[in-house]
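Working notes, beginning with the structure itself.
Every value quoted in this text rests on a predicted model; they were computed, and no experiment measured them. Because only heavy atoms are used, hydrogens play no part in the values below, and waters and symmetry mates are left out as well, while side chains stay in.
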Amino acid sequence: MADSATHAQPSSTDGQTRRDFLLYATTAVGAVGTAAALWPFVHSMNPAADTLALSTTDVDLAAIQPGQAVTVVWQGKPVFVRYRTEAEIAQAAQDDSAHLRDPQKDADRVTKPEWLVVIGVCTHLGCVPLGQKPADPKGEFNGWFCPCHGSHYDTSGRIRKGPAPLNLPVPKYAFTTDTTIRIG
């Protein structure tokens with residue numbers, strides 16, 4: 001009995017303090033370990049270097065003739081640039097009053113009426129519509145035609161017929177000179 005009386009029991013506050021320290025230290029090490037394990041996964045969601053390099057694309061418009069269209073690649077997607085004729089511009093303006101599934105006025109889709117810039121991916125299932133080459137079918141509305149499921153777009157890239165729910169999207173672009181645009 002004398003031995004038990006000579007050994008002092010630690011006070012409950014000392015045990016509580018050590019326990020709290022161990023709890024906090026273990027929690028901190030666990031949090032750092034979890035963050036270190038998750039970082040490669042989170043980092044993999046960042047855009048690839050080649051995609052970031054293509055964040056903008058400059059297009060020289062000088063060689064494009066009225067009625068002609070070119071396809072450029074921006075962020076891995078085809079972008080249709082069409083130099084519209086007076087007749088195409090007039091038809092697009094007239095179609096502003098037509099029944100449109102995704103209503104947008106032609107003037108809201110272009111910076112300069114003669115130049116239409118749209119992402120060339122069908123909004124139904126991601127196909128690339130036909131209509132860029134002179135021999136391609138342009139659909140019932142003289143714009144683009146997606147033969148996969150029959151979507152027809154007009155000369156402003158608006159969906160007019162078929163299963164596509166939305167117009168061809170207009171990417172962010174600006175004229176850097178009278179004959180050059182920067183997409184992105």
### Query
If you draw a 6.0 Å radius around CD in E86, do more than 12 non-hydrogen atoms from other residues or ligands fall strictly inside?
no
### Pair listing, side chain to side chain donor-acceptor pair (under 3.5 Å) test, anchored in residues 28-49, at least two apart
H43-N46
### Query
Does some side-chain heavy atom of P78 sit less than 4.5 Å from a side-chain heavy atom of V121?
yes
## Note on the structure
CG of D95 to OG of S156, rounded to nearest 0.5 Å, is 8.5 Å
### Message
Using a 6.0 Å cut-off, check whether atom NZ of K77 has over 12 heavy atoms from anything other than its own residue.
### Response
yes
### Query
For the residue pair S151 and H124, what are the closest heavy atoms and their distance?
OG-CB, 4.4 Å
Under 3.5 Å, which donor-acceptor pairs do the side chains of residues 97-104 form with other protein atoms, sequence neighbours left out?
unit_1 : atom_1 : unit_2 : atom_2 : d
S97    : OG     : Q94    : O      : 3.1
R101   : NH1    : G162   : O      : 2.5
R101   : NH1    : A164   : O      : 2.5
R101   : NH2    : G162   : O      : 2.9
D102   : OD2    : N167   : N      : 3.0
D102   : OD2    : N167   : ND2    : 3.4
Q104   : OE1    : R109   : NH1    : 2.5
Q104   : OE1    : N167   : ND2    : 2.9

### Message
Assigning hydrophobic clusters by single linkage (Ile, Leu, Val, Met, Phe, Trp, Tyr; side-chain heavy-atom cutoff under 4.5 Å), is I89 placed with V170?
### Response
no
### Query
Can you list every salt bridge (Lys or Arg N to Asp or Glu O under 4.0 Å) pair that touches residues 21-33, not counting sequence neighbours?
none
### Message
Apply side-chain contact (heavy atoms from CB on, under 4.5 Å) to residues Y153 and V118 and explain how you reach the verdict.
### Response
CA-CA 11 Å; Y153 297 91; V118 294; over 6 Å; no
### Message
I'd like to check the side chain to side chain donor-acceptor pair (under 3.5 Å) partners of R84; sequence neighbours left out, ordered by chain and number.
### Response
D106
### Query
Does anything in residues 147-158 pair up under salt bridge (Lys or Arg N to Asp or Glu O under 4.0 Å), and if so which pairs, sequence neighbours excluded?
D96-R158, D154-R158, D154-R160
### Message
Is there a continuous path of hydrophobic side-chain contacts, each under 4.5 Å between heavy atoms, that joins V79 to F175?
### Response
yes
### Members besides L22 in its Ile/Leu/Val/Met/Phe/Trp/Tyr cluster (side-chain heavy atoms under 4.5 Å)
F21
### Message
List the residues meeting ring pair (Phe, Tyr, Trp, His ring centres under 6.0 Å) with Y173, not counting sequence neighbours, and say none if there are none.
### Response
none
Show me the donor-acceptor pairs within less than 3.5 Å that the side chains of residues 177-184 make with the rest of the protein, sequence neighbours left out.
unit_1 : atom_1 : unit_2 : atom_2 : d
T177   : OG1    : T179   : N      : 3.2
T177   : OG1    : T180   : N      : 3.1
T177   : OG1    : T180   : OG1    : 3.1
R182   : NE     : D58    : OD1    : 2.7
R182   : NH2    : D58    : OD1    : 3.4
R182   : NH2    : D58    : OD2    : 3.0

## Note on the structure
The side-chain contact (heavy atoms from CB on, under 4.5 Å) partners of K133 (sequence neighbours excluded) come to D136
### Query
When you look at I159 and L166, which way does the side-chain contact (heavy atoms from CB on, under 4.5 Å) test go after all the steps?
CA-CA 6 Å; I159 184 64; L166 301 170; 5.8 Å; no
### Task
Not counting sequence neighbours, which residues clear salt bridge (charged side-chain N to carboxylate O under 4.0 Å, His left out) with D60? List them please.
none
### Query
Should V110 and W115 be marked as a side-chain contact (heavy atoms from CB on, under 4.5 Å) after you check the CA-CA gap, both sets of side-chain angles, and the distance that decides it?
CA-CA 7 Å; V110 296; W115 293 105; over 6 Å; no
### Query
With distance as the sole test, does T155 use its side chain to make a donor-acceptor pair with the main-chain N or O of E88 at under 3.5 Å?
yes
### Query
Linking I/L/V/M/F/W/Y whenever their side-chain heavy atoms sit closer than 4.5 Å, directly or via other members, would V128 and V117 fall into one cluster?
yes
#### Entry: Where at least one partner belongs to residues 138-148, residue pairs that pass side chain to side chain donor-acceptor pair (under 3.5 Å), sequence neighbours excluded
Q132-W144, E140-K161
### Task
Could you go through the side-chain contact (heavy atoms from CB on, under 4.5 Å) check for E114 and Y83 one step at a time?
CA-CA 6 Å; E114 64 271 19; Y83 189 169; 3.8 Å; yes
### Query
Who pairs with P147 by side-chain contact (heavy atoms from CB on, under 4.5 Å), at least two apart in sequence or on another chain?
L130, F145
#### Entry: Heavy-atom pair of closest approach, residues F80 and P129
CZ-O, 3.7 Å
### Task
Find out whether P169 and T123 are in side-chain contact, i.e. whether some heavy atom of one side chain is under 4.5 Å from a heavy atom of the other.
yes
